[in-house]
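Quantities reported herein were computed from a predicted structural model and do not represent experimental measurements. For reference, positions follow the sequence shown, starting with 1. Whatever order the structure lists ligands and atoms in, that order sets their numbers, starting from 1.
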Amino acid sequence: MTVPSHSPLLLIPGPTPVSQPVLEALSRPTEGHSSLTTAMALRRIQEGLERAVGARPMAEPEGSLVFVLAGSGTMGLEAGIVNLVRPGEKLLVVNHGFFGDRFAAVGRAIGADVVEVSCPWGEQVAPADVARALRESGAQVMTVTHVDTATGVVAPFLEYAKIARELGVLMVLDAVAGAGGMPVGMDAAGIDVVITASQKALGMPPGLALLVVSDRALKVRRKLDGSGSYFLDWLNWEAPMRDPEGHYFATLPTNMVVAGAAALAGAEEEGWEPRFARHRRMARSVRRGLHALGLPVIGAEDILSTTVTAVHVPEGIDAVALRRGVAEEGVSIAGGIGPWSRTAIRIGHMGSAGLPELLQGMAALECALIRIGAPVQHGAGVAALLSSWEEELPA
Ligand code: PMP
């Protein structure tokens, strides 16, 4: 079997399109994990990510530590809690969708006594419910999904963080679908661990799990009687993450580290604020286009992320057939997850995507809808997308 030479345009919520400079960095000759090149690239990722999520810099007193690990976002979730919760201890999972379920499953797998506070998909868990659940459970660690990628809904995580601080609870944030495309404000909010993965809004290929761990969380790990994992133990990785030239724990995916550094250099050339604004513009434009095509966006507008949009397809249209039709036009969009697999589609608009990619995606969606008999005007989605793109963003 041969791999097709033309890859589809990725408008799924990860992996996202990877820019040419990042692809070129990926193909540079492989370096050793203790080389100066790797050390510099690792530091570039760590510093870039600190700024992306508003972490206290590693160089400052009580600074955070960024762990760059080979693996996917799910491994990042596991690394986030296995260092803070011992078997039998309570873990509160704030669950507003598919990836809340995932965090609960990871918690159970590491032996935690998982307590969930949930809401229907497409909604947010009320902060008062989180406060009550923390008080009733006595959990000392809670997890929150920043953006649930199944629905596109963002959690009121800053409000949760305030409650966590007041109660002295550690908050672990799954920002896999948001970091790099939306602000997090980790240090200002007092969030203890921020987890992300390379293949989303950071615009790297899949393969790295990235954890920003506050000094407070690291101190909690030091006091615990071990971690439930050897490979994911922060204390095993601490020395090589601080000084890769001088310390080895396990081999890093060095080509990915170099590519990751190139991705962060590109993002910082754009600047985080302009990048977040571009994501707001992409989200608004895509949603206007979808609306013009008669596809209702899931979730109230003021609780939606700027990185991913989920829509229910109209009655009588099979979401899987629609997705296949879009793929025939060379564009990859995502289906709904779980119970929504045949009734919803999702569009990722994050990372290095911009107007050309969104126009191509919207045009492909229109073609596919028209071909399956949906009452759609040629150009309606594209026109709405474009006119929204041109409009000023609210301050
Ligand atoms: N959390 C969120 C919010 C995600 O969107 C994803 C990936 N879609 C994950 C966790 C899991 O990441 P991975 O697929 O890289 O394991």
Side-chain angles (χ1 to χ4, degrees), residues 10-18 49 52-53 67-82 93-107 109-110 116 118-119 121-122 124-125 142-157 160 171-182 184 191 193-212 229 231-232 253 256 260 263 279 283 298-299 303-310 332-338 340-341 344-351 353:
L10 290 180
L11 289 181
I12 55 177
T16 59
V18 176
L49 199 60
V53 303
F67 292 88
V68 179
L69 305 175
S72 83
T74 304
M75 193 193 79
L77 304 189
E78 194 159 336
I81 55 175
V82 77
V93 174
V94 184
N95 182 345
H96 77 287
F98 183 87
F99 288 99
D101 289 350
R102 168 73 49 101
F103 233 149
V106 174
I110 66 159
E116 292 183 59
S118 314
C119 66
W121 283 28
Q124 294 176 325
V125 177
M142 72 190 263
T143 71
V144 173
T145 314
H146 177 210
V147 173
D148 201 291
T149 324
T151 63
V153 170
V154 60
F157 67 99
Y160 301 160
M171 180 167 139
V172 179
L173 186 69
D174 166 2
V176 169
M182 300 171 69
V184 175
I191 299 167
V193 180
V194 173
I195 301 158
T196 191
S198 52
Q199 76 273 21
K200 307 259 182 181
L202 294 170
M204 307 171 193
L208 295 180
L210 305 156
L211 277 89
V212 190
S229 171
F231 186 72
L232 301 180
M256 272 300 296
H279 281 75
I298 293 168
I303 62 168
L304 290 180
S305 73
T306 60
T307 50
V308 53
T309 299
S332 183
I333 61 170
I337 306 190
W340 291 356
S341 63
I345 55 168
R346 293 173 306 137
I347 298 182
H349 29 82
M350 57 173 128

- Side chain proximity check, Y160 to L173, heavy atoms < 4.5 angstrom: no
- Message: If we count only N and O atoms by modelled type, under 3.5 Å, do the side chains of R102 and T74 hold a donor and an acceptor together?
- Response: yes
Using a cut-off of under 3.5 Å, which N/O atoms of ligand 1 pair up with protein N/O atoms, and what distance separates each pair?
residue  : atom   : partner : partner atom : Å
ligand 1 : 1 (N)  : D174    : OD1          : 3.3
ligand 1 : 1 (N)  : D174    : OD2          : 2.7
ligand 1 : 5 (O)  : T149    : OG1          : 2.3
ligand 1 : 5 (O)  : K200    : NZ           : 3.2
ligand 1 : 8 (N)  : K200    : NZ           : 2.7
ligand 1 : 15 (O) : G73     : N            : 2.8
ligand 1 : 15 (O) : Q199    : NE2          : 2.8
ligand 1 : 16 (O) : S72     : OG           : 2.6
ligand 1 : 16 (O) : G73     : N            : 3.3
ligand 1 : 16 (O) : T74     : N            : 2.8
ligand 1 : 16 (O) : T74     : OG1          : 2.6

- Does Q199 reach the main-chain N or O of G207 with its side chain, forming a donor-acceptor pair under 3.5 Å? no
- Message: Looking at R346 and T149, would you say the former's side chain and the latter's main chain have a donor-acceptor pair under 3.5 Å?
- Response: yes
- Message: Could you check whether any side-chain N or O of H279 sits under 3.5 Å from a backbone N or O of G351, counting only pairs where one atom can act as donor and the other as acceptor?
- Response: yes
- Query: Have T151 and H96 got a donor and an acceptor in their side chains that come within less than 3.5 Å?
  - Reply: no
